[in-house]
**Q** 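Below is a structure I'd like to ask you about.
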Amino acid sequence: PGRDNAPRLAGRMRAFGAGAAARGLLGLAALSTTTPLPFSHEFSPLGLPQINTAACTGCGTCASACPANAISQQEEAGAAVITIDPARCIACGECVAICPERDRGAITVSPVTDVAALRNGPAVQFHGTSVRCRSCGRVFTTREVLDRLKALLGGDYREQPLGTLCPDCRGR
């Protein structure tokens, strides 16, 4: 393709790829005088992930598994933050399948088209406490993960070294 086709190709790229379905739905919603209600249907091009903060440990496995980058985890001022962008979710369910706390309902994905959620954009759905390695200073887990390990292991849980050293420093 020559340079003359560049604007047309850029328009095509915007029509496909991450967020394309959300952009299309928002464009249609802009033509309406009322706010469309959320609706669930089997063939929704989008999904609506929800984190249950009572069950989520903030491990970030869901973010690492999400092929559409709809789920992200970052550290902000000592906090582990998980954000979900409903415009990017493709309802594949990879996040649920890989979640170590799925049996407790830590994350769900519904095939829902929710224009209000799309308009609101990315939203923080988990806010936990980051834990730094006492040796190297790197964030390696969350307090919530360590609390869950302690609950699962009971008397076999050892704060030293599990809760104080990252896996790299533990191996030294």
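Values below: all heavy atoms of this structure, side chains included; hydrogens, waters and symmetry mates excluded.
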**Q** To the nearest 0.5 angstrom, please state how far the OG1 atom of Thr129 sits from the CD atom of Glu144.
**A**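 Taking OG1 in Thr129 and CD in Glu144, the distance rounds to 5.0 Å.
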**Q** Using a strict 4.0 Å threshold on nitrogen-to-oxygen distance, state whether Glu159 and Arg143 make a salt bridge.
**A**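 Here Glu159 pairs with Arg143 in a salt bridge, since their nearest N and O are under 4.0 Å apart.
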**Q** Can you tell me how far CG of Asp147 sits from OG1 of Thr57, rounded to the nearest 0.5 angstrom?
**A**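 If we round to the nearest 0.5 Å, Thr57:OG1 and Asp147:CG are 10.0 Å apart.
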**Q** Can any side-chain N or O of Arg88 pair as donor or acceptor with the backbone N or O of Asp85 at less than 3.5 Å?
**A**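 No: the side chain of Arg88 does not pair with the backbone of Asp85.
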**Q** Could you tell me which non-hydrogen atom of Leu146 sits nearest to which non-hydrogen atom of Gly163, and how far apart they are?
**A**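 Where Leu146 meets Gly163 most closely, the heavy atoms are CD1-CA, 3.6 Å.
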**Q** When rounded to the nearest 0.5 angstrom, what is the spacing between OG1 in Thr83 and NE2 in His127?
**A**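 Taking OG1 in Thr83 and NE2 in His127, the distance rounds to 9.5 Å.
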**Q** side-chain contact (heavy atoms from CB on, under 4.5 Å) for Cys89 and Val109? Distances and angles first, verdict last.
**A** CA-CA 9 Å; Cys89 182; Val109 177; 4.1 Å; yes
**Q** Same hydrophobic cluster for Leu149 and Leu165, using side-chain heavy-atom links shorter than 4.5 Å among ILVMFWY?
**A**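 No; Leu165 is not reachable from Leu149 via cluster members.
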**Q** Considering only NZ, NE, NH1 and NH2 on the basic side and carboxylate oxygens on the acidic side, decide whether Glu75 and Arg138 come within less than 4.0 Å.
**A**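 Judged by the 4.0 Å cut-off on N to carboxylate O distance, Glu75 and Arg138 do not form a salt bridge.
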**Q** Taking atom CZ of Phe140 and atom OG1 of Thr164, what is their separation to the nearest 0.5 Å?
**A**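 The OG1 atom of Thr164 is 6.5 Å from CZ of Phe140, to the nearest 0.5 Å.
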**Q** For residues Gln73 and Ala80, report the shortest heavy-atom separation together with the two atoms involved.
**A**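 That closest heavy-atom pairing would be NE2-CB, 4.1 Å.
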**Q** Taking Val96 as the starting point, is it possible to reach Ile84 by hopping between hydrophobic residues whose side chains are less than 4.5 Å apart?
**A**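 They do share one cluster, since a chain of ILVMFWY contacts under 4.5 Å joins Ile84 to Val96.
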**Q** Of the non-hydrogen atoms in Pro86 and Leu48, which two are nearest, and what is the gap between them?
**A**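 Nearest heavy atoms, Pro86 then Leu48: CB-CD1, 3.9 Å.
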**Q** Decide yes or no on side-chain contact (heavy atoms from CB on, under 4.5 Å) for Ile90 and Leu46, but give the supporting numbers first.
**A** CA-CA 5 Å; Ile90 57 173; Leu46 302 172; over 6 Å; no
**Q** Would you say the side chains of Arg170 and Gln160 form a donor-acceptor pair under 3.5 Å?
**A**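 Distance-only check fails for Arg170 and Gln160.
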**Q** About how many Å separate SG of Cys56 and CD of Gln50, when rounded to the nearest 0.5 Å?
**A**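 Result: 12.5 Å between the selected atoms.
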**Q** With heavy-atom distances below 4.5 Å as the criterion, would you say the side chains of Tyr157 and Leu162 are in contact?
**A**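 Tyr157 reaches Leu162 side chain to side chain.
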**Q** Quick one: are Ile107 and Asn52 in side-chain contact, heavy atoms under 4.5 Å?
**A**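 The answer is no, as the side chains (C-beta and beyond) never meet within the 4.5 Å cut-off.
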**Q** Side chains of Arg104 and Arg148: does their closest heavy-atom pair fall under 4.5 Å?
**A**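 In short, these two side chains touch, coming nearer than 4.5 Å.
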**Q** For Cys166 and Ser135, what are the C-alpha separation, side-chain angles and deciding distance, and is it a side-chain contact (heavy atoms from CB on, under 4.5 Å)?
**A** CA-CA 8 Å; Cys166 70; Ser135 180; over 6 Å; no
**Q** Quick one: do Leu153 and Val131 end up in the same hydrophobic cluster if we chain Ile, Leu, Val, Met, Phe, Trp and Tyr together by side-chain heavy atoms under 4.5 Å apart?
**A**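 In one cluster: yes.
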**Q** Could you give the side-chain donor-acceptor pairs of residues 61-72 under 3.5 Å, partners two or more places apart or in another chain?
**A**
unit_1 : atom_1 : unit_2 : atom_2 : d
Ser64  : OG     : Thr61  : O      : 2.8
Ser72  : OG     : Gln74  : OE1    : 3.3

